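Report on one structure; see the data block that follows.
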Protein chains: 2
Amino acid sequence: MSGKPTMNDVARTAGVSLKTVSRVVNGEPSVTPDLAARVRAAVESLDYRPHLGASMLRRNDRRTRMIGVLLEDVANPFSGALHRAIEDAARDRGVHVLTGSLDEDEQRERDLARAFRQRQTDGLIVAPAGSDQSYLSRFTGTPIVFVDRPPSGFGADTVVSTNVAGAAGAVRHLVAHGHRRIAFLGDYQRRATARERFRGYLQALGHRPGPVVHDVRGEVAAERATLALLRRADAPTALFTGQNLITIGAVRALQRIGLHQSIALVGFDDFPLADLLDPPVTVVAQHPARMGRAAADALFERIDGHNGPPREIRVATTLIPRGSGEIRIAPAR
Amino acid sequence: MSGKPTMNDVARTAGVSLKTVSRVVNGEPSVTPDLAARVRAAVESLDYRPHLGASMLRRNDRRTRMIGVLLEDVANPFSGALHRAIEDAARDRGVHVLTGSLDEDEQRERDLARAFRQRQTDGLIVAPAGSDQSYLSRFTGTPIVFVDRPPSGFGADTVVSTNVAGAAGAVRHLVAHGHRRIAFLGDYQRRATARERFRGYLQALGHRPGPVVHDVRGEVAAERATLALLRRADAPTALFTGQNLITIGAVRALQRIGLHQSIALVGFDDFPLADLLDPPVTVVAQHPARMGRAAADALFERIDGHNGPPREIRVATTLIPRGSGEIRIAPAR
DNA sequence: ATGAAAGCGCTAACAA
DNA sequence: TTGTTAGCGCTTTCAT
């Protein structure tokens with residue numbers, strides 16, 4: 001009786017059997033109002049809370065009502081928005097969320113996936129860091145949904161942006177403003193998303209692509225790459241940046257050399273305060289909240305027993321013209 | 001055998017007793033190498049993973065190696081940074097993190113705190129939404145640490161910024177640049193943090209405060225309040241904004257009426273891209289990563305049995321001059 | 001060094 | 001309607 005009270009303590013206090021307490025706690029109807037009241041009083045006076053772990057151990061459905069979410073980094077805005085949407089969907093169902101940041105580390109992806117599974121999470125939502133998810137094939141009984149990036153070597157529901165169409169739209173937008181030499185600055189090409197965005201870029205430009213820089217990683221690298229690009233003899237008149245941080249790095253570079261009003265820029269993925277910069281940055285916005293919701297919905301369907309083939313859910317992007325993408329090409333003189 | 005393998009399945013496969021498997025799995029030394037090898041082989045071949053819930057149920061230390069973290073909103077950058085720092089500290093100890101967003105809803109705070117406790121989390125880190133945490137006094141055996149905001153009606157370790165000193169420093173910075181009419185725009189005064197920042201403002205200005213607007217909530221309200229302030233006869237020459245979103249709202253207002261180069265601004269709490277705005281925004285930066293780490297460290301100390309009186313841990317802020325706060329007062333003409 | 005029995009807190013299956 | 005018994009997967013205690 002010194003530690004937390006158990007069902008047995010409640011039973012003793014209420015003068016009923018253990019099972020009667022269980023019935024009341026679980027809202028089974030077949031209990032006399034009189035007894036139920038006594039049980040509830042005992043629960044109240046002892047401040048008894050059922051032990052979910054113990055109950056789940058014995059229960060037939062074996063649900064922990066807990067899911068695991070593996071994100072790139074819970075501190076970045078995109079991951080944060082995904083996380084929040086998943087949390088909201090989970091809350092509607094009384095499910096709690098375990099999270100972990102992967103930092104592009106595939107070892108951590110495997111470790112965390114295993115650890116969460118070992119905690120009997122009812123399912124997993126994964127924004128993959130590694131380039132091989134085949135280790136998940138042993139995860140029988142734990143539904144998995146991928147988000148933001150498609151998996152390799154393992155099939156499951158996947159929620160991703162319309163990367164090709166979004167990138168192509170961005171580049172066509174620049175073409176419509178008179179640009180012909182449009183540069184591409186993109187993330188690691190080993191990532192499917194980066195490849196897709198590059199594909200969209202190529203698609204929009206037909207067979208006349210501009211200068212291309214792949215495998216740009218992070219803001220600082222993007223700033224450097226942009227500066228290098230603009231010093232070239234065939235310097236582009238417009239930039240298409242394939243990712244968040246690359247866009248910000250490019251903005252820094254343009255401001256630094258005073259070309260922010262003359263070189264056009266469209267970035268893939270929106271970011272906070274993009275509309276407050278000078279000029280405001282035109283982006284292809286992804287919709288992380290919709291993506292998170294879609295991923296959670298898909299996961300819960302699977303948890304509820306849906307058993308169809310893997311689905312690919314594409315979430316449309318939105319071009320948001322704000323200024324930087326509408327800079328027209330300087331008239332030849 | 002159709003579901004996940006249990007320790008018993010492993011024992012049968014390896015031809016040893018259940019307890020021997022338990023010993024091997026838990027790394028107890030007293031097992032013959034020969035038997036240990038057989039057990040490990042069986043574990044491997046069955047892909048056996050111990051059931052953490054079951055083990056924790058029987059174990060003496062009763063640790064789930066899971067903590068709960070209640071934040072304002074996992075999607076906002078400050079909460080995200082806190083969360084990430086806590087996650088990193090937890091990972092060092094093999095602990096996993098359950099999170100929940102409170103959205104300033106005190107009901108949700110109580111519900112989630114209870115729910116996490118019911119899941120036997122080893123401890124809780126709470127950024128309180130409500131103005132009364134006395135319900136936590138029933139949470140015996142579950143250590144709690146507060147972060148970002150102090151609790152009311154319940155004593156526990158608390159990690160907060162040096163709000164008074166930070167705010168006073170910001171205002172003195174403006175005074176040093178010639179300003180005398182410095183406005184204060186602050187969050188809900190029922191929040192201790194908002195009150196502290198206001199106190200710092202008053203402290204720096206002695207008994208000659210400028211125009212004050214309290215209870216500004218959100219970006220849009222801040223923009224409106226700023227516009228109203230600047231239309232007044234005694235319009236301030238400088239603004240001190242007591243919170244993130246208020247700062248951004250003020251920036252919008254200043255840009256909109258073209259006063260961003262003439263009215264000085266210092267904001268409490270840094271935000272992404274503040275340095276890319278025009279002018280770059282001077283802020284009193286908080287250090288959410290340090291705060292999260294400090295909160296996690298304090299919590300783990302408590303979990304490990306430390307039993308001293310509640311501690312208040314203050315994390316120093318940093319004034320980051322970027323431009324907006326160094327605008328000098330326009331010479332009288 | 002190994003194993004058998006008991007039991008963590010709870011629910012399923014069955015009985016009264 | 002209520003209670004009894006068994007047992008979820010594991011660790012403890014105590015015997016061998």
Side-chain angles (χ1 to χ4, degrees), chain A residues 1-40 42-43 46-66 117-122 141, chain B residues 1-40 42-43 46-66 117-122 141:
Chain A
M1 273 295 283
S2 55
K4 294 184 193 173
T6 74
M7 218 171 231
N8 243 314
D9 299 324
V10 177
R12 211 170 309 125
T13 309
V16 298
S17 87
L18 174 64
K19 179 66 218 192
T20 301
V21 178
S22 169
R23 288 197 172 97
V24 174
V25 166
N26 292 296
E28 288 175 40
S30 63
V31 180
T32 316
D34 171 43
L35 279 195
R38 263 161 58 201
V39 169
R40 267 188 282 272
V43 164
L46 295 177
D47 193 32
Y48 166 77
R49 305 289 154 189
H51 188 302
L52 262 53
S55 118
M56 119 78 169
L57 189 59
R58 193 60 177 88
R59 242 176 228 293
N60 271 341
D61 74 348
R62 247 102 181 3
R63 295 280 166 79
T64 54
R65 307 196 77 72
M66 206 165 66
R117 178 175 142 92
Q118 194 164 344
R119 286 199 184 279
Q120 334 297 132
T121 49
D122 297 337
Chain B
M1 274 296 282
S2 55
K4 294 183 194 174
T6 75
M7 218 171 231
N8 243 317
D9 300 323
V10 177
R12 212 169 308 125
T13 309
V16 297
S17 88
L18 175 64
K19 179 65 224 193
T20 300
V21 178
S22 171
R23 288 196 172 96
V24 174
V25 166
N26 291 296
E28 289 175 41
S30 63
V31 179
T32 315
D34 171 43
L35 280 194
R38 261 161 59 200
V39 169
R40 267 188 282 272
V43 164
L46 295 177
D47 193 33
Y48 165 77
R49 304 289 155 191
H51 188 301
L52 263 54
S55 116
M56 120 78 168
L57 189 58
R58 193 60 177 87
R59 238 175 232 294
N60 272 339
D61 74 350
R62 247 110 181 0
R63 295 279 168 77
T64 53
R65 307 195 79 71
M66 203 164 69
R117 178 175 141 89
Q118 194 165 342
R119 287 198 184 278
Q120 334 296 131
T121 49
D122 297 336

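None of these values were measured; they are calculated from a predicted model. In the text below, chain A, chain B and the rest are named by the order of the sequence lines, each starting its count at 1.
Direction of the helix axis in the helix from C:dA1-D:dT16 to C:dA16-D:dT1 shifts by 40° between the two five-pair termini, rounded to 10°.
Taking each heavy atom of A:V25 and A:Y48 in turn, the nearest pair found is CG2-CE2, 4.0 Å. Residues A:P5 and A:L46 approach most closely at CG-O, 3.4 Å, considering heavy atoms. Nearest heavy atoms, A:Q120 versus A:T64: O-OG1, 2.8 Å. B:A14 and B:V39 make their closest contact through CB-CA, 4.0 Å (heavy atoms, listed as atom of the first residue, atom of the second, distance). For the pair B:R117 and A:K4, the tightest heavy-atom approach, listed with the atom from each and the gap, is NH1-CE, 4.0 Å.
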Tabulated below should be each protein N or O lying under 3.5 Å from an N or O of nucleotides 14-16 of chain C; please produce it.
none

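Rounded to an integer number of Å, the gap from CG of A:L18 to P of C:dA12 is 13 Å. Rounded to an integer number of Å, the gap from CG of B:D34 to C1' of C:dA1 is 12 Å. Rounded to whole Å, the distance from CG on B:L35 to C1' on C:dG3 is 11 Å. Rounded to an integer number of Å, the gap from A:M7 CE to C:dC8 C1' is 14 Å. Atom CZ of B:R119 and atom C1' of C:dG9 are 16 Å apart (whole Å). Between the CG atom of A:D9 and the P atom of C:dG9 there is a distance of 8 Å, given to the nearest Å. Counting to the nearest Å, the C1' atom of C:dA1 and the CZ atom of B:R38 are 13 Å from each other. The distance between atom CD of A:Q120 and atom C1' of D:dC8, rounded to the nearest whole Å, is 12 Å.
A donor-acceptor pair under 3.5 Å is absent between the side-chain atoms of A:T32 and the main chain of A:D34, judged by distance alone. The closest donor-acceptor contact from the side chain of B:N26 to the backbone of B:R23 lies at 3.5 Å or more, if one exists at all. A donor-acceptor distance shorter than 3.5 angstrom exists from the side chain of A:T13 to the backbone of A:D9, with no hydrogens or angles considered. Between the side chain of A:R62 and the backbone N or O of A:L57, at least one donor-acceptor pair lies under 3.5 Å. When atom types are taken as modelled, the side chain of B:D122 and the backbone of B:R63 share no donor-acceptor pair closer than 3.5 angstrom.
The phosphate of C:dG3 (OP1 or OP2) has a side-chain N or O of B:T20 nearer than 4.0 angstrom. Applying the 4.0 Å criterion to OP1 and OP2 of D:dC10, one finds that B:S22 has every side-chain N and O outside that range. For D:dT2, the OP1/OP2 oxygens have no side-chain nitrogen or oxygen of A:S30 closer than 4.0 Å. Checking the phosphate oxygens (OP1, OP2) of D:dG3, a side-chain nitrogen or oxygen of A:S17 falls inside 4.0 Å. Side-chain N/O atoms of B:N8 include none lying less than 4.0 angstrom from OP1 or OP2 on D:dC10.
Atom CZ of A:R49 has more than 12 neighbouring heavy atoms from other residues, nucleotides or ligands inside a 6.0 Å radius.
In the region residues 50-62 of chain A, proximity to DNA chain D at under 4.0 angstrom, judged on heavy atoms, holds for A:L57, A:R58, A:R62.
Summary of the strand contacts: A:K19 and A:P29 both lie near DNA chain D, and taking for each the nucleotide with the nearest heavy atom, the more 5' one is attributed to A:P29.
Comparing atom distances between the A:Y48 side chain and each of D:dT13, D:dC10, C:dC10 picks out C:dC10 as nearest.
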Legend entry - Worked check of side-chain contact (heavy atoms from CB on, under 4.5 Å) between A:K19 and A:E28: CA-CA 11 Å; A:K19 179 66 218 192; A:E28 288 175 40; 4.3 Å; yes
